Every structure is written in C-alpha cells, then in structure tokens.
Amino acid sequence: MPRKKIDLKYDIDYLSILDKDGEVDSDLEPDIDDDRLLDLHRAMLLGRRFDERMLKLQRSGKIGTFAPIHGQEASQLGAVACLEEEDWLVPSFRETAAEIWRGKAMENVLLAYAGFNEGAHVPKGVNNLPVSVPVGTQALHAVGIGYAMKLKGKKEVAMVFFGDGATSEGDVHEAMNFAGVFQTPTVFICQNNHWAISIKRSHQTRSETIAQKALAYGMPGIQADGNDALAVYAAAKEAVDRARAGDGPTFIECVTYRMSVHTTADDPKRYRSDEEVEKWKERDPIDRFQKYLKDKDLLSDDAIEALESEIKDEIKAAVKGWEKRMAELTDKTGMFDNVFAEMPPYLAEQKEAFEKTLSS
Amino acid sequence: MPRKKIDLKYDIDYLSILDKDGEVDSDLEPDIDDDRLLDLHRAMLLGRRFDERMLKLQRSGKIGTFAPIHGQEASQLGAVACLEEEDWLVPSFRETAAEIWRGKAMENVLLAYAGFNEGAHVPKGVNNLPVSVPVGTQALHAVGIGYAMKLKGKKEVAMVFFGDGATSEGDVHEAMNFAGVFQTPTVFICQNNHWAISIKRSHQTRSETIAQKALAYGMPGIQADGNDALAVYAAAKEAVDRARAGDGPTFIECVTYRMSVHTTADDPKRYRSDEEVEKWKERDPIDRFQKYLKDKDLLSDDAIEALESEIKDEIKAAVKGWEKRMAELTDKTGMFDNVFAEMPPYLAEQKEAFEKTLSS
Amino acid sequence: MAKLTMVQAINLALHQEMKKDEDVVVLGEDVGVDGGVFRVTDGLIDEFGEERVMDTPLAESGIAGFAIGMALYGLKPVAEIQFSGFAYIAFHQMEAHAARLRGRSGGRFTVPMVLRMPYGGGVRALEHHSESREAYWAHTPGLKTVIPSTPRNARSLLVSAIRDPDPVIFYEPKASYRAFKEEVPDEEETFPIGESQIVREGDDLTVIAYGAMMRPTLEAADKLKEDDGIDCEVIDLLTISPLDDAKFTKSAQKTGRILVVHEAPRSFGPGAEIITRLVEKSFVYLEAPVRRVTGYDVVIPLYQREFDYLPGVDRIVSAARETLDFKA
Amino acid sequence: MAKLTMVQAINLALHQEMKKDEDVVVLGEDVGVDGGVFRVTDGLIDEFGEERVMDTPLAESGIAGFAIGMALYGLKPVAEIQFSGFAYIAFHQMEAHAARLRGRSGGRFTVPMVLRMPYGGGVRALEHHSESREAYWAHTPGLKTVIPSTPRNARSLLVSAIRDPDPVIFYEPKASYRAFKEEVPDEEETFPIGESQIVREGDDLTVIAYGAMMRPTLEAADKLKEDDGIDCEVIDLLTISPLDDAKFTKSAQKTGRILVVHEAPRSFGPGAEIITRLVEKSFVYLEAPVRRVTGYDVVIPLYQREFDYLPGVDRIVSAARETLDFKA
Ligand SMILES: Cc1ncc(C[n+]2csc(CCOP(=O)(O)OP(=O)(O)O)c2C)c(N)n1
Ligand SMILES: Cc1ncc(C[n+]2csc(CCOP(=O)(O)OP(=O)(O)O)c2C)c(N)n1
Ligand SMILES: [Mg+2]
Ligand SMILES: [Mg+2]
C-alpha cells in the first residue's frame with residue numbers, strides 16, 4: 001500500500017483547428033454546412049461592427065457604460081452556433097453578439113445601454129435570459145434550467161457564459177458541482193479573455209489552465225483556442241451533443257483576448273501594455289476565419305465588401321429604430337410594473353404618489 | 001496543432017502507511033519521537049472516551065446537541081500533531097479532540113454544549129478559533145490568517161478543518177483559490193467521513209476523489225487514509241513543512257468515516273445501513289494505531305488499561321469542574337458584552353431594560 | 001380533518017401540492033432520504049421519487065440559484081434552507097435574481113419559487129440555529145415574506161406560497177413545529193398572502209405579533225384580561241411583506257394604544273416599519289407611544305440564556321401596562 | 001489644507017493611515033494596479049507595495065472572509081467591495097463572523113476591519129450599481145454602518161473606522177465622489193462613529209438625511225427658506241448604526257415636525273427606525289406625522305429613470321410643506 005498516483009477519469013485537452021494564419025487542420029475540421037459557416041462569419045462581422053458603433057455612441061454620450069466584445073467574436077459565436085432555437089442561452093454581460101445571433105434585437109441592446117429598462121425585456125418565446133451583471137451568479141440558473149429540461153423529458157440544452165474572473169466566484173463552483181451531481185444538460189463556456197478588469201488571468205487563479213477546474217467536478221473539460229471559430233464550434237458541438245444525449249455537462253475554456261476596454265468606464269493603459277494587445281491582434285478571430293472561408297472558396301474580398309455595406313445598413317436601421325423607440329418611451333411608471341404579478345396595495349399607493357410628483 | 005493532452009503540474013497521490021490490520025509500510029513510516037507517538041495515542045483515546053461521555057450526558061439531557069467525533073480520531077489528531085503552539089487551528093465543529101490537543105479545556109467544551117456562551121470563549125494566547133457552525137465559512141479565515149503571518153514575516157502555519165460536504169460550499173472554493181493565488185501558509189484538511197448528515201459522499205460531488213479538487217487551484221493535493229494516524233501525520237507534516245518554508249498551501253483529503261450520529265439530533269438509520277458502519281469498524285483508527293505501538297514495544301495491554309483509567313479520572317474531573325463552573329455562571333447579562341469593544345448608548349439602554357426585567 | 005403539528009401540516013401541504021401539480025418539486029439539504037432534519041419533507045421522496053425530491057449538495061447559494069433556474073423554466077420549486085441562519089449565503093441570489101427577473105425581463109421570465117426555512121429561538125439549538133432576521137428579506141423589493149403561526153395557517157399559507165407566481169420567503173417558527181396541534185382540514189385550503197388576521201378582538205390595546213411570538217402574545221392577552229380586565233385586540237401579521245397595514249391601522253384607530261412584538265433584533269427590525277405605518281396612517285389616533293417588545297440588538301445567546309433574549313409573557317404584559325398607563 | 005473631492009479625501013485617509021500604521025492593509029478587486037474602478041485607492045500600491053495593497057480574485061465572500069482572517073491575526077484590513085450591489089455575496093461572512101467573533105470568543109479575537117463600498121444612484125450606471133441597502137447591515141448586531149456625505153467627513157470618518165476595534169461597513173455615496181470639493185486639512189482628523197451632526201439650525205422643521213441625500217436636502221432647505229421663510233434644522237446622520245438618536249429626538253422636541261430622507265427603498269428601510277425612535281423618545285412633542293421621502297419599493301431603474309426613483313429637491317420640499325401644513 002505505497003504512496004500511489006490516483007488515475008483520474010478525464011484528461012484535459014487543448015483544441016485548435018485553425019492556426020493563427022487561418023490554416024486548417026483538416027483532421028479536426030468540423031463538418032459544418034457552407035451556409036452555416038457564412039452565417040457564422042456574418043454574425044462575427046456584425047458583432048464587430050455593432051461593437052464599434054456602440055463605442056462611438058458611448059463616446060458621444062448617446063448611450064452609457066457597456067462592455068465591448070472586440071476579439072471575442074469566435075469565442076461566443078462558435079459556441080451558440082451549436083444551439084437550437086429551443087435551447088437556452090444564459091449570458092453574462094459580454095455576449096452581445098451571441099445574444100443577437102439568438103434573436104435579441106440590436107435596438108434592444110442599444111435601449112438597455114441607453115438606460116431604458118425596456119431594452120432588457122425579453123420577447124415571449126425567446127429563450128435568452130437577460131444580461132446578468134453580478135459576475136458568475138447566472139451559472140446556477142443554467143443548471144436549474146437544465147435540470148428542469150431533463151425532468152420534463154426535453155432534449156434541450158442550456159448554455160451559460162462567464163469570464164475567467166467569474167471562475168473565482170463561489171457561485172460558479174456551486175453551479176459546476178450541481179451540474180456534475182445532477183448530470184444536467186448544461187454547457188459551461190468560460191471566455192478566458194485574460195483579464196478581469198485589471199486582474200490578469202495568472203493572478204485570478206494559480207491553476208495552469210481554467211479548463212482543468214472541470215476535474216474538481218468529475219466533468220469533462222477542454223481548452224479551446226477561443227479565437228478559432230472552428231475549434232470553439234467543435235468543442236461546443238461535442239458538449240451540446242453530450243448534453244442532448246443525456247450524458248451530462250461539459251466545461252469549455254475558450255482562450256481569447258479582450259482587445260478593447262473592459263467597459264467604457266475603464267482605462268486599460270493603467271494595467272496592460274500595448275505590446276500585449278498588439279500580439280493578440282495577430283490572432284484576430286475574424287481574419288483567420290475569413291482566410292479559411294476564402295481558402296474554401298466560400299468568400300471573396302468582393303463578397304466581404306458587399307457584406308460590410310449590408311451590415312452597415314442593418315446597424316443604421318437599428319440605430320434609427322432605437323431612436324424612434326426612445327422617443328416613444330414616455331411612460332415613467334414602468335418601475336412599478338412587474339415587481340410582482342399583481343401590484344400590492346402599498347406599491348399602488350407609491351405609484352400614485354409618484355404620479356402626483358409627475359403632474360405637479 | 002492537434003487536440004493534445006495538457007500536462008498538469010501535480011499528481012494526486014493516495015497515502016496509506018498502516019494497513020487495516022496495523023501493519024506498517026516501513027518505507028513510508030514517518031520519523032516521530034516515541035513520546036509524541038504516545039501522546040498522540042493518548043489524545044486519540046481521550047478523544048474517544050470524552051466523546052462517549054458526552055453522548056451519555058446528552059442522552060440524559062445534561063448537555064444539548066453536539067457532533068461526535070467517533071472514528072475520526074486519527075484524521076484530526078494526526079494532523080494537528082504536526083502543529084507548533086504558535087500555529088493556528090481553525091476548526092469546523094467536529095474537531096473536539098483536535099481542539100483539546102491544542103489546549104481547549106474539556107470543561108469549556110461541555111460548557112458550550114450545555115448552552116453557555118462562555119464555553120466558546122478562548123483564553124488569551126491560545127491560537128484556536130472558536131467552533132464555526134456555518135459549514136465551510138471558516139476556510140477563508142485560515143487563508144487570511146496565513147496571509148497575515150506571511151506579511152508579518154512569521155514562519156507560522158494556519159490549519160483549517162472541514163468536511164466532505166463543506167467542499168460544495170462556495171466559500172471553500174474561494175478559500176482554496178485565494179490560498180493558491182497568495183501562496184499562503186495554509187493547510188486544508190478535509191475530513192471526508194463519507195457523509196454530510198444524510199448526503200453520501202458520492203452525491204456530494206461527482207469527482208472521484210476530493211483530493212483532486214486541489215488541481216483547480218494549482219495546489220498540491222493528496223488523499224490519505226484518514227483512519228491511519230501515520231498517514232495523516234505524514235501528509236500533514238509535509239504540508240506544514242511546505243507552508244512553513246514559504247512554499248504555499250496544501251490540500252489533504254483524509255478518508256475516514258463518521259461512526260456515530262451526525263449530531264445527537266440525527267438518526268442515521270434513516271439513510272445508511274448497519275453493514276456499512278460495521279465494515280468501517282474493521283478500520284478503526286485506534287485499534288490500528290495500538291497494534292502499531294505494540295509492535296514497536298511502546299505500548300502493552302497493561303499500559304492501555306492504566307491509561308484508560310487515567311483518562312477516566314481526567315474526564316471525571318473535567319465534568320466536576322464543568323458542573324462547578326455552571327453553578328458559578330449566574331450573570332445573565334453576558335449577551336450584551338463583547339458586541340462591541342465599547343457599549344453604545346442604545347445597547348446600554350437595552351441592557352438596563354433587561355436588568356429591570358430580571359429584578360421584577 | 002385531523003389534529004396535526006405544524007411539521008405535519010406543512011408536510012401535508014407539500015404532499016398535496018406535489019400530487020396536484022407535477023411542476024412542484026422539493027429540494028434542499030437532507031430533504032430526501034432523511035425527510036429533512038425536522039422531518040418536514042418526510043415521505044415525499046417515497047411518493048414522488050428523487051427526481052422531484054432532490055437532496056442537494058451542501059451549498060445554499062447553489063440551492064437558491066438552482067431553484068431560480070428551475071422556476072425560470074416553469075417548475076415551481078420549494079427549496080429548503082436547513083436553518084434561516086444559513087440563508088444569508090443565498091441572499092444575493094434572491095436579491096439579485098429571484099426578486100428581479102420578472103421586472104428585468106419585462107414579465108417574460110418569472111420565479112415562482114418558495115424558499116422555506118425554520119427560524120427563531122427556543123429549541124436549545126447551536127449558534128446560528130435560532131436567528132430571526134426576516135427584516136432582511138422584507139426590505140428587498142420583489143420578495144414576499146410569510147411567517148405562519150399555527151399548523152393550519154402554515155398549511156394554507158404554504159399552499160398559497162407555492163401557487164404564488166412570485167418568489168416567497170417562507171419562515172417557519174421552529175419553536176412551534178411540534179409544540180401544539182391544531183385541526184387541519186384534509187381538503188385544500190389557501191390563505192391570501194399579504195393579509196393579516198385579527199385573532200382576538202378587543203378595545204383597549206392592539207398587540208401586533210407573528211410567528212412563534214403569537215403564543216406568548218396570546219398568553220399575555222389572557223393574563224391582561226384576567227389580572228387587569230384589559231381587552232387586547234391581537235393581530236397575527238402572517239405576511240411580513242407586503243405588510244397588511246390596513247387592519248392594524250384600523251385597529252389602532254379604535255384602541256389608540258399599540259404594542260408590537262417580535263423576536264428579531266430591535267433596531268431596524270420589522271417593528272420599526274409597523275410603527276412607522278401607524279404614524280403615517282393613524283397618527284392622530286395614537287394616544288401613547290407605540291412600544292416594541294423585541295429581541296435585543298445582540299446575537300441570540302445559546303440555550304441557557306435564550307429565553308432572556310426572547311420576548312416572553314412577562315415582558316409583553318409589562319409593556320402593555322406601561323402603554324395603557326401612558327398619559328401625555 | 002487643500003480642496004479635495006471625496007475620492008481624493010478617502011484616498012488621503014488611506015494613505016495617511018497606511019503610512020502611520022503598518023498593520024493597515026487594503027484589498028479588493030482592482031484596488032492595486034488599477035487604483036480602484038473609481039480611483040479611490042490610486043497610488044497606494046506604488047507607495048506600499050502589493051503585499052499591503054492586494055488585488056484579489058473576483059470573489060466577494062472571499063474578500064470579506066480573507067479580511068476577517070487577517071483582522072483576527074491583528075491586521076487592520078480595509079477591504080473594498082466594488083459596488084454595494086455585490087456585497088450581499090459577502091453578507092454571510094459579515095453576519096456570521098465579522099459581527100460575532102468578538103462575542104463568540106469572549107473578546108479573545110476581534111475583527112477590526114472596514115468593508116468599504118460605493119453605494120447609491122445618480123451616476124448613470126448599470127443594474128446592481130446604484131443600490132442603497134444600508135438597512136441590511138444596520139439590522140445586524142455587531143456591525144457598525146457609516147455613511148459620509150462630504151469629502152471632509154468621509155476622510156475623518158474613514159480614519160475613525162480604520163482605527164475602530166470592530167467591523168465597520170463604510171458606504172460611500174458614489175454620486176458625491178467627484179460632484180464637489182471641500183477643504184480637507186492635511187493633518188489627521190477623526191470623527192466619532194455613532195455621532196450625527198446638525199448641519200443647519202432651524203426651529204420650524206427637522207430634516208434627517210445622510211449620504212448623497214444631503215445635497216438635495218440642503219438645497220430643499222434653502223428653497224424652503226427662500227420661498228416660504230421656513231427654517232429647517234438639518235441633521236446629517238453620518239452613522240446609521242449605532243444610530244445617534246439623541247440629537248434628532250432633541251431637535252424634534254424643538255420643532256415637533258420631522259422629515260426623514262433616504263434613497264433606500266421605503267419599507268423596512270432606515271427611515272422606519274428613525275421614526276420609531278422619535279415615537280419612543282419624543283412622542284408627546286410630535287405635532288405632525290413624521291414623513292419619509294425615500295426611494296420606492298422597487299428596483300432602482302436604469303439611468304433614464306433613476307431620478308424618478310431618487311428623492312429630489314421637489315419631493316423633499318413638498319413633503320416639508322405638507323408636514324408643516326398638517327393640523328391634527
Ligand atoms: C459579483 C460581481 N463583482 C464585481 C463586479 C464588477 N465587475 C464587473 S465585470 C468584472 C470583471 C469580470 O471579469 P471576467 O469574469 O473575466 O469577465 P470579462 O469582463 O473579462 O468578460 C468585475 C469585477 C460584478 N459585476 N459582479
Ligand atoms: C452553511 C451551513 N449549511 C447547513 C448547515 C447544517 N449542517 C450542519 S453540519 C452539515 C453537514 C456537514 O457535512 P460535512 O461537511 O461532510 O461535515 P461532517 O458533518 O460530516 O463532519 C449540515 C448540512 C450548516 N451548519 N451550515
Ligand atoms: Mg475576463
Ligand atoms: Mg462529512
């Protein structure tokens with residue numbers, strides 16, 4: 001009975017399919033329809049351009065604080081591209097492109113960041129939870145949702161996003177542990193963008209990878225190149241299939257990089273070097289994906305140009321729509337709605353008092 | 001760039017030195033003074049007998065709810081035996097024997113379980129935190145204490161105990177993560193006694209071992225036979241030495257078994273079989289350790305008998321002392337003391353009002 | 001109709017609701033095989049299986065957040081926190097999400113869950129097992145907080161809480177779990193959340209209480225009647241939030257003299273809100289300062305001293321007398 | 001002596017205390033290299049190094065529990081929670097341990113820590129970044145809760161909080177972080193925790209407020225003077241708990257008419273305790289119902305509507321007029 005090594009059930013793998021120049025590893029290349037590949041590309045580009053537009057709107061004071069996604073397009077879209085409509089998306093606050101893919105209107109994104117609660121409202125039938133601001137707390141919801149799916153005999157999946165920083169929160173730990181114990185159809189996507197505001201990945205936790213945290217829950221875990229849409233897709237597809245088949249949760253670490261500010265209230269110059277950012281520019285997820293699509297003859301420079309102009313128009317229309325919506329949102333009493341299904345007397349009294357202040 | 005396995009820095013080992021019949025693996029046998037071995041044995045026996053006595057006191061209504069340690073003597077005493085006086089013990093609520101080893105008076109243990117807050121009071125100079133009831137919350141304190149030791153340039157160690165159930169709590173996760181990041185001199189001892197009230201180990205978490213959770217924090221982790229005082233000692237010694245040398249925290253899973261009720265308010269017949277308990281009787285930590293000490297000619301049946309009677313007297317004296325203390329504790333205003341260093345006016349008013357109710 | 005303890009009555013509510021509505025699920029630490037440390041969920045796992053009666057890992061935030069997720073999908077989870085003293089670990093989930101998701105999503109998502117837990121002192125328990133901190137929940141917009149006082153109202157209120165489309169914090173007075181029995185009808189019974197109950201009528205003094213404090217309060221009312229000929233009107237709040245201020249402000253207009261009793265710590269406690277509503281709505285009728293008989297602003301002591309902390313009959317009686325003696 | 005914003009004044013307090021006492025350490029998310037998301041801890045890491053100015057992992061319970069451990073050993077940690085809306089994650093650590101370890105250990109262990117955090121609305125922030133829930137802390141025996149209102153008192157109160165031998169929750173009104181400057185002496189200054197301040201004397205009406213609400217309150221007092229010739233006595237609480245009821249009950253005995261202003265939700269909020277103390281201690285002097293001007297019992301809306309939620313000058317002025325007009 002000597003001191004002996006314990007063999008663990010799972011290994012932690014690293015998955016990369018497109019290299020940094022966009023060359024594909026054809027052994028690992030996932031089987032994706034051409035149309036879907038182009039949709040994915042379009043969504044990545046739209047995500048990037050919309051982000052840029054929002055930054056301008058924020059800088060000119062038209063919207064408030066928001067969290068840009070620049071650099072993380074593959075990491076979030078590669079993952080949600082594996083979901084079906086009836087599956088559930090449980091976002092943090094940095095999955096704007098994923099939310100749009102899943103049916104959230106750009107208008108609403110703008111509305112929310114412009115300080116209108118209405119922007120976060122979710123249309124009936126859309127299975128996206130609203131943005132969750134308290135870091136990591138939403139992970140548990142995805143586990144509960146997954147459990148409910150299972151109990152109801154549905155073959156659905158809940159996919160939850162959070163950042164590298166979020167993995168330090170107790171709630172993310174409890175979520176992964178519950179998912180393991182109850183074998184829920186939950187896919188955990190950690191967008192490791194190397195920073196949690198000013199805290200670098202290496203200071204967030206001492207484990208060599210974030211993926212290996214899956215071992216603590218007896219759950220398969222994998223690290224994927226998060227700037228490689230194919231790798232993210234392949235990892236997520238495996239996880240979604242596993243969940244849908246009733247084989248439980250998976251944890252995916254997408255290694256990516258936050259190219260922009262944490263939020264528009266942040267100044268990254270205080271804590272990171274330009275060189276680091278430059279280095280990551282070379283691994284741009286959109287450039288790589290475009291190279292791949294071109295190599296596959298699915299895309300050309302002309303097509304990209306046409307697409308860019310189409311996207312520009314789409315965003316312009318969304319901005320217009322948003323401005324119109326803002327002008328229409330004149331009712332100020334919304335804060336009293338939906339506190340409860342039925343308004344209790346004390347709230348009705350308060351609403352009345354509030355209405356009096358409006359008219360006086 | 002294929003899918004490739006990531007090599008992790010640490011392996012998880014299993015350590016066992018005395019087999020279940022008390023045969024020692026002499027390659028792994030730790031180097032412990034004979035005196036210390038005998039002290040350890042005495043403490044284990046005292047722990048067992050005091051536990052038995054408390055159970056009787058509880059059953060006859062003389063004390064309230066308490067958590068027996070039966071079966072876990074090696075697991076807790078093997079660990080604290082590695083500490084120096086200036087080190088800190090951060091217990092959960094099931095380390096009575098360890099607390100006594102570290103200087104807590106049996107009188108006080110009884111006093112606390114008899115419903116007197118005074119029993120939990122800690123004498124100046126004793127570095128044992130009081131019992132922590134909210135499961136797992138104390139783990140963070142041991143990390144903060146460890147950090148403070150380090151900052152103050154002290155070569156001290158904080159050792160914290162918790163159960164298998166506690167590992168599900170977010171606070172234990174956050175504690176291990178902080179300890180990893182700040183490389184604090186903290187030794188985490190998880191007494192995996194297979195049950196968290198009625199929840200069995202396999203339902204608490206899906207990882208094959210609890211020890212492997214250390215990997216999530218880039219921390220060395222080891223699983224020891226918790227009913228083998230030598231294995232626990234050896235694992236803890238390595239961890240304490242590492243911490244004292246400035247090389248950071250360690251996580252130790254002691255695989256043991258709760259032979260008795262969870263607390264005296266619990267009825268284990270509702271959730272576990274007698275056979276399971278019987279099976280673990282064969283691995284009794286005291287029997288095994290006595291066999292080892294006898295083989296080493298450090299102990300004889302006569303010596304054990306003498307020791308038993310000595311311990312009996314010691315416990316009898318403690319019970320007497322406790323009864324005397326109870327009779328002396330007549331001041332009922334203690335609840336107002338030590339809320340703050342200085343009593344604010346509103347509390348003084350309340351205390352006065354309370355004193356009036358006493359005299360009326 | 002049977003005479004049940006509160007534990008049995010709550011168990012009955014759970015049984016019947018689970019039978020009636022397959023979306024009702026029960027979860028928590030030791031609620032399954034063990035039937036709950038107080039046996040409140042006894043037998044449920046045998047009848048409904050471990051898929052609907054879930055023993056969870058030891059993690060309160062986990063329990064709350066997991067239940068929120070289930071509720072978002074359409075289930076009606078009844079989650080147990082083993083003791084209210086451990087519920088603060090789950091507080092942020094209830095504040096940040098359970099209470100807000102209806103509003104945040106504009107009504108698309110709702111959280112029809114119940115977070116049940118035993119609260120309060122008087123059962124010789126360890127530290128953290130005797131707290132009464134309902135004010136934390138009551139101060140949180142989007143949550144309802146309910147505290148029954150007898151087997152029958154515990155049963156009917158829990159049924160209402162389970163059917164309520166919004167999150168309800170359900171505090172169970174553990175001191176009353178087995179202290180007495182009451183007739184509880186077999187057939188379904190509900191009681192509206194947000195409504196208090198006048199349990200004794202009287203003209204001299206209004207006493208407002210709830211939960212485990214109802215017993216010493218009613219005993220004190222008896223004593224005041226017997227010894228002093230005083231007629232107390234006793235109001236059992238039942239719901240702490242939304243607070244039914246209509247009944248007690250009306251009663252105050254009749255009696256002009258009011259006492260509030262709770263075992264929660266005094267300062268910033270529920271009594272303060274009740275008194276403030278009285279000031280806001282019945283000011284001119286108040287003939288004496290409204291007094292509160294409460295726990296002190298300290299941690300409730302271990303069992304040798306817990307009844308020094310807890311309001312008892314004597315403290316209530318003497319506060320009542322002082323209120324009645326008050327002359328401006 | 002220099003004119004400082006509140007951010008600078010708090011920074012000054014931290015600098016000076018860290019310099020004076022090497023047991024003072026600072027920790028939290030982004031407090032080091034980044035200098036805090038509001039720059040409150042700017043420059044500290046350069047002067048005192050990363051061992052005493054610790055950037056922590058993203059975990060609020062972790063921050064609180066880690067700080068408690070350090071405090072138990074003898075350090076004086078000043079821990080930052082990035083926004084008060086996330087502090088509920090750490091609530092149980094403060095309730096179960098920070099607030100109790102002195103009592104639990106009979107004085108052997110103490111927790112001389114400060115948990116600082118920005119609170120309150122008015123800065124166009126995201127959800128969970130504008131809450132004002134000081135009542136949760138104030139209702140917790142063993143904790144002190146302090147809310148400064150100006151650069152100078154923020155500095156002196158923080159120094160007192162750091163030196164206080166017990167845990168202090170330090171709520172910083174983020175709306176006042178940079179809104180105005182005030183002369184703050186270079187030399188050390190403290191202000192006793194548990195003491196309120198009469199910031200304006202008057203005979204007609206007492207207005208009790210604190211934190212960011214002091215500005216609209218004082219503006220309202222000006223307006224009431226100018227437009228109606230009314231003299232308000234304005235009291236800045238500064239400490240919420242222990243509540244200094246001596247000053248405001250005395251003031252009430254002079255004016256008989258009182259208004260309480262806070263941005264926290266109304267029900268079970270701090271105003272309720274203040275009003276209750278007035279009833280308990282100055283009942284016979286009250287000439288009108290004490291009114292409260294507060295946030296509503298809803299989640300504070302996003303920025304387009306946040307000033308609809310927050311008490312403003314107009315609401316304060318009209319409540320004052322109604323109070324003054326009241327006739328029994
Ligand atoms: C519980 C909680 N604590 C703190 C914050 C403030 N905050 C917002 S985002 C953030 C960093 C998040 O880092 P990470 O999880 O890596 O996600 P990323 O921002 O990089 O996408 C912090 C500290 C918060 N929103 N919630
Ligand atoms: C936060 C918290 N939740 C629940 C409880 C109730 N409780 C006390 S001990 C216990 C089980 C603990 O199991 P484990 O951590 O394995 O320790 P063991 O009792 O086996 O020593 C529970 C659920 C508690 N004390 N604290
Ligand atoms: Mg990040
Ligand atoms: Mg256990």
Side-chain angles (χ1 to χ4, degrees), chain A residues 64-67 93 111-120 130-137 163-171 196-200 203-205 262-263 265-268 270-272 326 329 332-339 344 346-347 350-351 353-354 356-358 360, chain D residues 28-39 42 45 50 54-63 65 82-83 85-90 92-93 123-129 265-267 293-309 311-312 314-315 317-319:
Chain A
T65 310
F66 84 101
F93 48 83
L111 215 49
Y113 286 131
F116 287 95
N117 289 64
E118 289 82 353
V131 157
S132 169
V133 172
V135 167
T137 53
D164 45 312
T167 63
S168 296
E169 288 281 5
D171 276 10
I197 309 187
S198 72
I199 310 298
K200 52 169 160 281
H203 192 70
Q204 194 64 245
T205 182
H262 165 72
T263 67
D266 171 52
D267 173 12
R270 294 180 68 96
Y271 53 79
R272 73 183 186 185
M326 286 204 291
L329 287 172
K332 296 183 158 196
T333 65
M335 65 177 148
F336 295 99
D337 298 338
N338 284 312
V339 178
Y346 75 98
L347 261 190
Q350 291 182 19
K351 185 175 174 186
F354 170 63
K356 238 189 250 162
T357 69
L358 289 179
S360 72
Chain D
E29 295 158 12
D30 308 293
V31 300
V33 182
D34 199 34
V37 293
F38 286 104
R39 307 290 172 255
D42 197 21
I45 197 167
E50 61 179 33
M54 282 161 269
D55 272 322
T56 66
L58 212 179
E60 287 71 19
S61 183
I63 291 168
Q82 205 160 76
F83 288 89
F86 309 128
Y88 319 130
I89 302 176
H92 66 284
Q93 278 289 344
V123 304
R124 295 172 57 104
L126 297 168
E127 200 194 341
H128 305 282
H129 288 68
R266 183 179 192 80
S267 293
V293 183
T294 69
Y296 301 105
D297 285 321
V298 304
V299 173
I300 179 170
L302 296 183
Y303 74 78
Q304 294 285 351
R305 308 282 185 236
E306 64 178 331
F307 288 103
D308 293 339
Y309 169 94
D314 289 349
R315 278 173 67 196
V317 166
S318 64

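Residue numbers start from 1 in every chain, and the chains themselves are labelled A, B, ... in the order their sequence lines are given, proteins ahead of strands. Model, not experiment: these values are computed from the prediction. Scope of the values below: all heavy atoms of this structure, side chains included, with no hydrogens, waters or symmetry mates.
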Are side-chain heavy atoms of [X] and [Y] found at a separation under 4.5 Å?
{"X": "D:Asp297", "Y": "A:Phe336", "result": "no"}
{"X": "A:Met335", "Y": "D:Arg305", "result": "no"}
{"X": "A:Gln350", "Y": "D:Thr294", "result": "no"}
{"X": "D:Asp42", "Y": "A:Arg270", "result": "yes"}

Next on the checklist: Please determine whether side chain to side chain contact (heavy atoms under 4.5 Å, CB included) holds for the pair D:Val298 and A:Lys351, giving the CA-CA distance in whole Å, both sets of side-chain angles, and the decisive distance to 0.1 Å.
Outcome noted: CA-CA 10 Å; D:Val298 304; A:Lys351 185 175 174 186; over 6 Å; no
Next on the checklist: Would A:Val133 and D:Phe86 count as a side chain to side chain contact (heavy atoms under 4.5 Å, CB included) here? Give the steps.
Outcome noted: CA-CA 9 Å; A:Val133 172; D:Phe86 309 128; 3.9 Å; yes
Checklist entry - Of the listed residues (D:Asp314, D:Ile300, D:Leu126), which shares the most heavy-atom pairs with chain A below a 4.5 Å separation? => result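 Between D:Asp314, D:Ile300, D:Leu126, the count favours D:Leu126.
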Item to check | Option that, when pairs with chain A are counted at under 4.5 Å, heavy atom only, ranks first among D:His129, D:Arg315, D:His128 | outcome: D:His128
Checklist entry - Can you say whether A:Tyr346 sits under 4.5 Å from chain D via the side chain, the backbone, both, or neither, judging by heavy atoms? => result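 The side chain, not the backbone.
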Checklist entry - Is chain D contacted by the side chain of A:Ala166, its backbone, both, or neither, given a heavy-atom distance below 4.5 Å? => result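 The backbone, not the side chain.
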Checklist entry - Which bit of D:Val37 comes within less than 4.5 Å of chain A, counting heavy atoms only: side chain, backbone, both or neither? => result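 Only the side chain of D:Val37 comes within 4.5 Å of chain A.
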Checklist entry - Is chain A contacted by the side chain of D:Gln82, its backbone, both, or neither, given a heavy-atom distance below 4.5 Å? => result side chain
Checklist entry - Of all residues at least two apart in sequence or in a different chain, which pass the side chain to side chain contact (heavy atoms under 4.5 Å, CB included) check with D:Arg124? => result D:Tyr303, D:Glu306
Checklist entry - What closest approach, in Å, do D:Leu302 and A:Gly115 show between heavy atoms, and which atom pair accounts for it? => result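 For D:Leu302 versus A:Gly115, the nearest heavy atoms are CB-O, 3.3 Å.
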Checklist entry - Taking it one step at a time, do A:Lys200 and D:Asp55 satisfy side chain to side chain contact (heavy atoms under 4.5 Å, CB included)? => result CA-CA 10 Å; A:Lys200 52 169 160 281; D:Asp55 272 322; over 6 Å; no
Look up atom [atom1] in [X] and atom [atom2] in [Y], then write down how far apart they are to the nearest 0.5 Å.
{"X": "D:Leu58", "Y": "A:Thr167", "atom1": "CG", "atom2": "OG1", "result": "8.5 Å"}
{"X": "A:His262", "Y": "D:Asp30", "atom1": "NE2", "atom2": "CG", "result": "7.5 Å"}
{"X": "D:Glu127", "Y": "A:Asn117", "atom1": "CD", "atom2": "CG", "result": "7.5 Å"}
{"X": "A:Asp171", "Y": "D:Ser61", "atom1": "CG", "atom2": "OG", "result": "10.0 Å"}

Item to check | Which of A:Thr65, A:Thr205, A:Ile199, A:Thr137 touches chain D most, by non-hydrogen pairs under 4.5 Å | outcome: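 Between A:Thr65, A:Thr205, A:Ile199, A:Thr137, the count favours A:Ile199.
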